[in-house]
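Structure first, then comments.
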Amino acid sequence: MFSFCSDPSVLDGLAWLSCYLTTGTHMLFYASFGVVLLLLAITAPIALLFGYGGAMASRSRIAPLRWFGKVYTSMVRGVPDIVFFLFVPIALDQGLEWLRHQALCDSDAPVRQGNDFVVCAAAKLPLSTSPEWVHDIYAMTLAVIAFSVVFGAFAANVLYGAMQAVPRAQLETAEAYGMTPRQVSRRILVPQMWTYALPGLSNLWMILIKATPLLFLLGIEDIVYWARELGGAKTSSFAYPHPDWRLYYFLAVLVFYLLMTWVSERVLDRVIRRLSAGQATMAGEAQRKAGAL
Amino acid sequence: MKKLLLAATALALTAGMGTAQAIRMGTEGAYPPYNFINEAGEVAGFERELGDELCRRAELECTWVKNDWDSIIPNLVSSNYDTIMAAMSINEERKAVIGFTQDYLPPAPSSYVALQDGVDLEGGVIAVQTGTVQASHIAETGATMLEFPNIDQVFAAVRNGEADAGFGDHEVMRPFVEESNDLVFVGEQVNLDEGIGVGVRQSDTELREKLDTAITAMKEDGSLNALIKKHFGDDAQTYE
């Protein structure tokens with residue numbers, strides 16, 4: 001990074017530290033914070049979408065759709081997260097490769113040969129020849145899907161409960177005005193359910209933030225991986241030898257997670273306050289009275 | 001339309017071939033001096049240099065992939081990468097699941113480390129890295145075994161008193177012991193393995209033969225011995 005970093009063994013004190021903290025691996029460590037934030041930014045809306053779909057399916061008048069919604073929410077919520085994170089990416093990856101094997105390979109060699117799962121070179125996903133970033137994005141996509149499926153199931157239950165909590169009288173009034181079921185749902189049900197759903201969703205968001213270290217299970221190098229890797233004792237095989245510093249690295253990670261939760265609390269408080277305005281709930285009523293005085 | 005389809009199929013079929021066969025090499029990246037992640041964030045160490053040379057000789061186009069030790073064999077058999085070069089000793093248990101090339105390092109001794117001499121190696125608590133030949137060995141002795149996911153945590157367990165001693169590959173432990181002022185080698189060295197080889201899928205005989213030929217060539221012209229001496233010192237065991 002800096003010009004004086006070419007020979008770290010002669011450096012000491014602040015110069016050594018400034019070189020040490022700007023090595024390539026440290027840059028990857030800093031970038032991994034971005035990876036975690038990116039995962040959160042992509043996963044949260046997709047999980048919410050899954051949840052909305054699940055909740056709508058659970059409320060559906062069409063029986064098979066309703067069964068699907070119920071099975072999805074209860075089954076996924078009942079399986080330990082870690083099992084799902086191990087299962088979904090492997091199943092997806094092997095399933096896709098098997099499909100591509102059927103379509104793209106002209107050999108009829110079996111996919112399973114003893115212990116091995118082998119598809120032809122053209123069916124590999126991603127191809128062995130693809131650059132590293134393609135592999136990274138592929139792994140990240142599988143991770144996003146696994147996270148979304150799991151958190152979507154929880155969100156579905158929260159949203160389902162919130163939809164049930166909207167007073168029936170509100171919906172009946174809308175029907176009396178001659179609105180179609182679709183209009184009732186879009187104009188009355190959905191806008192009002194958020195105020196009931198938000199406490200549950202904010203819980204989920206917090207749990208999602210804390211679940212991101214599971215990324216490492218999927219082969220993505222997240223902040224916890226790098227903290228462990230960089231903090232471990234380094235011998236003179238490395239340019240910057242140091243004793244076991246994991247404590248400090250994990251401390252930095254801890255501060256990051258606490259900051260994330262602190263910021264989220266602020267934002268969610270504000271959103272809850274805004275959504276309560278004009279609602280026939282205690283919080284909404286309190287706001288109305290405060291404004292009237 | 002038909003021509004277009006034909007052209008597309010031909011392209012799809014040949015795309016994987018290219019000029020040289022593309023190989024992904026899996027390694028742990030946490031086992032210096034065999035393999036580790038250097039300051040630039042790249043795989044480095046003895047196996048990096050050896051692997052690159054083997055690829056050059058076998059005319060393979062290689063990229064390195066990091067993978068946790070725990071799942072390094074499952075990810076090989078499910079074809080996430082094609083070889084393992086991660087100081088993996090050849091033994092019967094592993095041979096049941098994956099194939100190995102001939103050894104590229106002679107059988108290496110394993111050693112005990114502790115904070116002082118005279119700890120009970122037969123009945124005490126011994127820390128090892130999980131899934132290693134050293135772990136299998138401790139499981140057969142009378143000692144209580146503590147398993148950790150990487151070698152770093154083995155040292156940490158010895159230092160904080162959780163374990164009476166740690167047991168691991170001598171060459172990996174040597175720099176840690178020499179550069180520390182608290183750890184010492186204790187007890188006798190143990191010879192456990194049949195040498196270290198490249199792990200490949202059992203069905204991948206073609207790749208195994210290519211790598212075998214390259215290793216034989218490097219043993220014959222002395223370049224493998226030179227590489228071993230460069231990374232493990234002049235006293236390291238070499239090939240005759």
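Below, chains carry the letters A, B, ... as their sequence lines are ordered, and counting in each starts from 1. Every heavy atom of this structure was used, including side-chain atoms; hydrogens, water molecules and symmetry mates were not.
Judged purely by distance below 3.5 Å, without hydrogens or angles, the side chains of Y104(B) and E47(B) pair a donor atom with an acceptor atom. Side-chain contact check for H231(B) and Y34(B): no donor-acceptor pair (N or O, by modelled atom type) lies under 3.5 Å. There is no side-chain donor-acceptor pair under 3.5 Å between T27(B) and W64(B).
Aromatic rings of Y240(A) and W16(A) (six-membered ring for Trp) have centroids within the 6.0 Å cut-off, being under it.
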Begin with the C-alpha distance, continue with both residues' side-chain angles, and end with the deciding distance and a verdict on side-chain contact (heavy atoms from CB on, under 4.5 Å) for L207(B) and L60(B). CA-CA 9 Å; L207(B) 179 62; L60(B) 304 167; 3.8 Å; yes
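In terms of heavy-atom pairs under 4.5 Å with chain B, the best-connected choice from E229(A), R112(A), K234(A) is E229(A). Ranked by heavy-atom pairs shorter than 4.5 Å toward chain B, the options S130(A), P243(A), S236(A) are led by S236(A). For the set I98(B), I37(B), N80(B), D70(B), the entry with the most heavy-atom pairs within less than 4.5 Å of chain A is I37(B). Most heavy-atom pairs under 4.5 Å with chain B: of the set D116(A), T25(A), L230(A), V118(A), this distinction falls to D116(A).
Interface residue H135(A): only side-chain heavy atoms are found under 4.5 Å from chain B. Heavy-atom distances place no part of F29(A) under 4.5 Å from chain B, backbone and side chain included.
Scanning residues 169-180 of chain B against chain A with a 4.5 Å non-hydrogen threshold yields P175(B), F176(B), E179(B), sorted by number.
Within 6.0 Å of OH on Y248(A) lie no more than 12 heavy atoms contributed by other residues, nucleotides or ligands.
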